[in-house]
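Below, each value reflects all heavy atoms present in this structure, side chains not excepted, and no hydrogens, waters or symmetry copies.
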Amino acid sequence: MNTLLSKKIQQGFTLIELMIVVAIIGILAAIAIPAYQDYIARSQMSEAMVLADGVKTAVAEAYANDGTCPVNTTAAVSGIALFSDITGNYVASVTTGGTGTATGGCTITATMKAADVSTGIQSKTLTLTMTTSATAGSLTWACASTALQKYIPKTCVGL
């Protein structure tokens with residue numbers, strides 16, 4: 001019976017154990033928070049890709065009909081709304097333009113908002129440029145952006 005009383009039962013964590021746990025959580029947070037912020041910026045930038053994709057058909061149709069690129073900066077044209085009317089939660093506008101040539105030349109530019117978006121993509125643009133193959137009779141779109149590569153959606157990188 002005396003041996004049962006002499007054993008002290010541990011009642012919690014030591015200070016060292018708690019400090020180790022806090023240090024591990026701090027290290028994980030230091031890695032996870034920047035990665036999450038990049039993910040948020042990329043998802044916001046993907047809205048620009050979606051809105052630009054929605055205009056591609058109308059631009060291609062206008063080019064196929066008369067060989068020119070529709071310009072929506074002053075008025076709605078060829079079934080494309082005025083640039084300031086094509087907006088989203090993170091996209092300020094989507095502008096169409098360019099100079100129609102035998103090899104394409106039409107562009108669609110989505111401009112991100114200057115505020116209420118992730119810092120790395122504020123006022124950045126995502127531009128789709130149309131090219132055409134005279135021999136194959138097909139249209140292709142090249143994608144470029146003024147944002148850092150880590151913020152560009154994967155669908156844009158593959159174009």
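Under the 3.5 Å distance criterion, with hydrogens and angles disregarded, no donor-acceptor pair is assigned to the side chains of Thr95 and Thr109. Using a 3.5 Å distance cut-off with no hydrogens or angles, the side chains of Thr101 and Thr103 do pair a donor with an acceptor.
Minimum heavy-atom separation, Lys150 to Arg42: O-NH1, 3.0 Å. Between Cys156 and Leu126, the closest heavy-atom pair is SG-CD1, 4.1 Å. Residues Gln122 and Ala114 share a closest heavy-atom pair of CD-O, 3.5 Å. In terms of heavy atoms, Met49 sits closest to Cys143 at SD-SG, 4.3 Å. Of all heavy-atom pairs spanning Ile121 and Ala41, the tightest one is CD1-O, 3.6 Å. Contact between Gly88 and Lys113 at its shortest, heavy atoms only, is O-NZ, 3.3 Å.
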Q.
Before you tell me yes or no, could you show the steps for Thr68 and Tyr63 under side chain to side chain contact (heavy atoms under 4.5 Å, CB included), namely the whole-Å CA-CA distance, both residues' side-chain angles and the distance that decides it to 0.1 Å?
A. CA-CA 5 Å; Thr68 62; Tyr63 176 80; over 6 Å; no
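Both Tyr90 and Leu128 are part of a single hydrophobic cluster, where members link through side-chain heavy atoms under 4.5 Å apart.
Within the 4.5 Å cutoff, no side-chain heavy atoms of Trp141 are placed close to those of Thr129.
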Pairs of donor and acceptor atoms involving the side chains of residues 72-80, under 3.5 Å and at least two apart or interchain, shall be tabulated with distances.
{"unit_1": "Asn72", "atom_1": "OD1", "unit_2": "Thr96", "atom_2": "N", "d": "2.7"}
{"unit_1": "Asn72", "atom_1": "OD1", "unit_2": "Thr96", "atom_2": "OG1", "d": "3.2"}
{"unit_1": "Asn72", "atom_1": "ND2", "unit_2": "Ala81", "atom_2": "O", "d": "2.9"}
{"unit_1": "Asn72", "atom_1": "ND2", "unit_2": "Val94", "atom_2": "O", "d": "3.2"}

